[in-house]
Amino acid sequence: MLLVCGALAPAQGQQPPAAAQRAPLADKRPYVVKSPHGERRDDYYWLRDDDTGNKRPEVLRYLEAENRHTEAVLAPLRGLRERLYQEMAARVKADENSLPVYDRGWWTWRQFEPGVEHPRLMRRRGNADGPDPQARAEVLLDLPQQAIAQRYYALGQAQVSPDGQWLAWTEDTQGRGAYELYVQHLPSRKLSPERIRGVLEGFVWAADSRTLFYMRQDRANLHTGAVWRHLRGTEPAADALVPDEADKTLFVELRASASRRQVLIDIHGSDTAELRAVPAEQPAQPARVVFARRNGVRLHADHAGGRWVLRTNEGAPNFRLVEAPEQSPDRRDGWRTLVPARDDASIEGFEVFDEVLAIEERVQTRRRVRLLRADGRDLRVVDPGEGGTAALGENRDPAAATVQVVVQSIVRPPATLDIGLVNGRELQRRQDIIRGHDPAQYRAQLLWAP
């Protein structure tokens with residue numbers, strides 16, 4: 001679905017309010033920014049205010065003046081803005097629950113109540129074939145209760161510990177991408193005493209269900225930060241720094257491997273990437289470089305089944321997939337090609353399952369999903385046809401019996417499919433409904449021009 005937005009001009013014959021002629025102007029204050037790469041003049045450097053706890057009054061006064069000016073200019077459009085919002089909201093089923101997803105003995109989902117903005121996070125015991133009908137549904141986290149006194153609330157990530165006894169989650173109540181990390185004992189619903197402020201949303205449990213890896217937000221580069229190791233129930237001041245990335249122009253991300261045996265630290269920029277890892281069963285070990293960075297080489301890797309699977313553009317502009325041994329994975333002579341590079345298709349991403357490799361690829365602008373057996377043969381290709389896209393959905397456990405795929409087009413709302421990982425059979429789990437939209441009234445056509 002594509003929504004195109006643009007500036008709304010005053011109606012014909014309607015003059016903008018006088019405030020539009022008196023937009024606030026920031027003062028110019030000459031300042032020279034020095035760096036190892038040279039100097040530059042920035043007359044508006046004084047507007048930079050990185051101190052989250054003590055904002056400068058002169059900066060706040062200027063921002064408040066800009067806000068007042070914006071409200072004055074847009075005042076004639078208030079009725080139109082509200083009408084557009086109501087029309088869009090009327091087409092959305094805001095209270096629709098998410099589909100349950102299997103994750104190591106549990107099925108988890110998000111459950112909405114009518115008229116309530118935030119869902120409850122739920123879980124039920126089961127196996128890869130489905131939830132146990134005799135097991136009761138449990139509330140993992142009551143987001144409406146968490147958000148009840150907040151002007152702004154966003155959940156970052158919520159993860160249950162490997163032993164199933166502890167829930168950790170991050171939440172933002174300010175809207176600046178600076179989250180707070182909480183830990184709760186699920187059987188007693190008692191909060192662990194620590195409350196770690198100023199972190200990014202992602203974190204990873206180690207195998208001991210006591211160690212957490214998280215990232216503290218860099219106060220200058222808000223999108224990234226350093227990785228820290230925390231022991232549940234201890235003071236955050238005692239947390240250990242995992243060796244930091246010196247190049248602050250690169251992004252750093254934290255995730256668990258598909259096997260859950262590795263804590264992965266991705267470091268990447270526009271034309272380089274590096275992967276570091278800490279053994280989940282030995283969380284005090286230093287992070288080791290699994291795949292070293294090389295200029296012009298982009299890569300993404302995962303670990304499952306005692307091997308590394310790597311998507312790389314090294315020698316393959318459209319990317320290829322290779323398998324690397326668990327020991328010395330960065331040695332090229334130990335790599336085995338799983339999916340070779342092709343001129344007519346690019347590999348966009350992948351997920352590793354116990355018996356199948358799920359690949360997102362793009363062929364002539366069309367995004368589709370291929371499921372490959374261990375012997376390299378296709379199990380199934382999910383191709384949406386002209387004007388459509390197929391993408392991997394929410395998949396968490398390599399031992400799952402199905403892979404979730406989402407299919408949609410510019411005229412058809414998303415449909416969620418489960419594809420069997422043994423027989424390739426397709427089951428449509430959900431077809432999203434857009435109220436007031438009839439797909440039969442539209443046609444998608446792809447035209448090529450030289």
Side-chain angles (χ1 to χ4, degrees), residues 1-2 98-103 107-109 128-130 255 257-259 298-305 307-313 316-323 337-432 439 444 446:
M1 304 296 289
L2 177 64
S98 69
L99 291 171
V101 177
Y102 181 67
D103 189 8
W107 288 82
T108 61
W109 70 97
D129 295 324
R255 59 189 170 96
S257 67
S259 65
R298 296 157 60 195
L299 62 87
H300 177 81
D302 207 345
H303 179 272
R307 60 172 182 164
W308 293 94
V309 177
L310 174 69
R311 170 184 175 263
T312 177
N313 70 337
N318 282 342
F319 291 91
R320 61 185 173 126
L321 288 184
V322 300
E323 178 185 282
T337 298
L338 298 175
V339 180
R342 295 167 53 190
D343 292 335
D344 62 341
S346 65
I347 298 173
E348 304 288 301
F350 72 92
E351 289 182 0
V352 183
F353 293 83
D354 286 351
E355 304 297 333
V356 167
L357 192 61
I359 304 167
E360 284 187 7
E361 63 179 13
R362 190 180 299 275
V363 180
Q364 290 188 331
T365 77
R366 206 167 60 242
R367 200 177 187 115
R368 68 183 191 179
V369 172
R370 287 177 64 198
L371 303 181
L372 294 184
R373 303 178 191 270
D375 60 8
R377 292 183 299 120
D378 278 333
L379 169 67
R380 176 72 189 278
V381 177
V382 183
D383 192 326
E386 195 169 83
T389 63
L392 293 169
E394 191 173 3
N395 300 290
R396 300 182 186 173
D397 193 335
T402 60
V403 57
Q404 187 183 102
V405 176
V406 179
V407 177
Q408 61 184 316
S409 77
I410 58 176
V411 300
R412 179 190 176 191
T416 304
L417 313 176
D418 275 353
I419 310 296
L421 293 179
V422 174
N423 52 28
R425 290 177 184 169
E426 174 184 313
L427 172 65
Q428 181 171 301
R429 295 284 304 280
R430 169 176 293 166
Q431 173 64 68
D432 289 6
L446 179 63

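What you see below is based on every heavy atom in this structure, not just the backbone, and it leaves out hydrogens, waters and symmetry mates.
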Requested in this report: Check step by step if side-chain contact (heavy atoms from CB on, under 4.5 Å) holds for Leu338 and Leu357.
Outcome: CA-CA 9 Å; Leu338 298 175; Leu357 192 61; 4.1 Å; yes

Query - side-chain contact (heavy atoms from CB on, under 4.5 Å) evaluation trace for Val352 with Arg307 - result: CA-CA 11 Å; Val352 183; Arg307 60 172 182 164; 4.1 Å; yes

Report task. Step by step, work out the side-chain contact (heavy atoms from CB on, under 4.5 Å) result for Arg370 and Asp378. Result -> CA-CA 7 Å; Arg370 287 177 64 198; Asp378 278 333; 3.1 Å; yes

Requested in this report: Apply side-chain contact (heavy atoms from CB on, under 4.5 Å) to the pair Asp432 and Gln408, showing each step before the final yes or no.
Outcome: CA-CA 10 Å; Asp432 289 6; Gln408 61 184 316; over 6 Å; no

Requested in this report: Decide yes or no on side-chain hydrogen bond (donor to acceptor under 3.5 Å, both in side chains) for Arg368 and Thr389, but give the supporting numbers first.
Outcome: CA-CA 6 Å; Arg368 68 183 191 179; Thr389 63; over 6 Å; no

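Between Trp107 and Tyr102, the ring-plane angle classifies as tilted under the 30° and 60° cut-offs.
A cation-pi arrangement is present between Arg311 and Phe319 under the rule of less than 6.0 angstrom and at most 45 degrees off the ring axis.
Scanning all heavy atoms of the two residues, the minimum distance from Gly387 to Ala444 falls at CA-CB, 4.5 Å. Considering every non-hydrogen atom in both Val405 and Ala390, the closest pair reads CG1-CB, 4.3 Å. Taking all atoms of both residues into account, the shortest heavy-atom contact from Ala401 to Asp129 is CB-OD1, 4.1 Å. Minimum heavy-atom separation, Ala341 to Arg320: N-CB, 3.8 Å. Closest non-hydrogen pair, Gly393 versus Val406, comes out as CA-CG2, 4.2 Å.
To the nearest 0.5 angstrom, Asn395 atom CG is 8.5 Å from Leu421 atom CG. Distance check, rounded to the nearest 0.5 Å: OG of Ser259 to NE2 of His303 gives 4.5 Å. Distance check, rounded to the nearest 0.5 Å: CG of Asn318 to CD1 of Ile347 gives 8.5 Å. The OG1 atom of Thr416 sits 10.0 Å away from the CD atom of Glu394 when rounded to the nearest 0.5 Å.
With salt bridges taken as basic N to acidic carboxylate O contacts below 4.0 Å, one links Glu426 and Arg380. By the 4.0 Å N-to-carboxylate-O rule, Arg373 lies too far from Asp375 to be salt-bridged with it. Between Arg367 and Glu361 there is no salt bridge, since no side-chain N of the basic residue sits under 4.0 Å from a carboxylate O of the acidic one. In this structure, Arg366 does not pair ionically with Glu386, as no charged nitrogen and carboxylate oxygen lie closer than 4.0 Å.
Among the candidates Leu372, Val422, Leu379, Ile419, the single residue satisfying the side chain to side chain contact (heavy atoms under 4.5 Å, CB included) test with Val356 is Leu379.
Put simply, the side chain of Gln431 gets close to the backbone of Pro413: a donor and an acceptor are under 3.5 Å apart. A donor-acceptor contact shorter than 3.5 Å is absent between the side chain of Arg342 and the backbone of Ala345. Listed for the Thr337 side chain is no donor-acceptor partner under 3.5 Å among the backbone atoms of Val339. Distance alone, capped at 3.5 Å, is enough to place a donor-acceptor pair between the Glu360 side chain and the Leu392 backbone. No donor-acceptor pair closer than 3.5 Å links the side chain of Asp302 to the backbone N or O of Val309.
Using a 4.5 Å heavy-atom cutoff, the side chains of Leu371 and Val403 are in contact. For the pair Trp109/Leu99, no side-chain contact is recorded, criterion being any heavy-atom separation below 4.5 Å from C-beta on.
Side chains of Gln404 and Thr402: no donor on one and acceptor on the other come within 3.5 Å.
Applying the 6.0 Å contact sphere to CG of Asp343 captures no more than 12 heavy atoms from other residues, nucleotides or ligands. Dense packing is recorded around CD of Gln428, with more than 12 heavy atoms of other residues, nucleotides or ligands lying under 6.0 Å away.
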